[in-house]
Amino acid sequence: MVDSLRLNRAAAPIDATWQQLIRFKKPLYLLGGLIAWKLARKPGRLMQLGKKAISGYVVAKRVRQLTR
């Protein structure tokens, strides 16, 4: 019984955060659908964004290696 109380106390912040996310479930679905629709209309933008993200990651990784 004591262990279950400890578990409930330890998990309380996680449960509270989950409840907040569930509250915004429908708007997040709507926003995700809108973004997917925009990207489906012009897939070239998604490719450009992906390339920029990968090159930014590589540059950041190299900078970290050089500063060590």
Side-chain angles (χ1 to χ4, degrees):
M1 187 135 154
V2 173
D3 287 337
S4 68
L5 288 174
R6 286 182 185 161
L7 178 63
N8 285 337
R9 285 188 193 135
I14 297 169
D15 290 338
T17 303
W18 182 254
Q19 291 301 321
Q20 286 179 349
L21 288 176
I22 291 298
R23 190 176 348 161
F24 298 113
K25 186 174 162 181
K26 287 183 183 178
L28 288 174
Y29 279 152
L30 221 133
L31 183 64
L34 182 66
I35 290 170
W37 179 68
K38 289 258 187 193
L39 289 175
R41 290 185 66 202
K42 294 187 179 179
R45 285 187 180 177
L46 180 61
M47 292 299 292
Q48 287 176 349
L49 184 64
K51 287 178 184 178
K52 288 179 182 179
I54 290 172
S55 63
Y57 170 74
V58 170
V59 168
K61 190 174 177 182
R62 295 283 172 136
V63 167
R64 276 191 224 135
Q65 288 176 351
L66 290 174
T67 57
R68 285 186 185 180

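- A continuous path of ILVMFWY side-chain contacts below 4.5 Å connects Ile35 to Leu46, so both sit in one hydrophobic cluster.
- Both Leu31 and Leu39 are assigned to one and the same hydrophobic cluster, defined by single-linkage of ILVMFWY side chains at heavy-atom distances under 4.5 Å.
- The two residues Ala10 and Pro13 have their closest heavy-atom pair at O-CD, 3.5 Å.
- Listed here is the closest heavy atom pair of Arg64 and Arg68: O-CG, 3.3 Å.
- Listed by first then second residue, pairs satisfying salt bridge (charged side-chain N to carboxylate O under 4.0 Å, His left out) with a partner in residues 39-51 number zero, not counting sequence neighbours.
- Atom-to-atom distance recorded for Asn8:CG and Asp3:CG is 11.0 Å, nearest 0.5 angstrom.
- Between atom OG1 of residue Thr17 and atom CD1 of residue Ile22 there is a gap of 11.5 Å, rounded to the nearest 0.5 Å.
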| query | Passes side chain to side chain contact (heavy atoms under 4.5 Å, CB included), Lys61 versus Gln65? Steps please. | reply | CA-CA 6 Å; Lys61 190 174 177 182; Gln65 288 176 351; 4.1 Å; yes
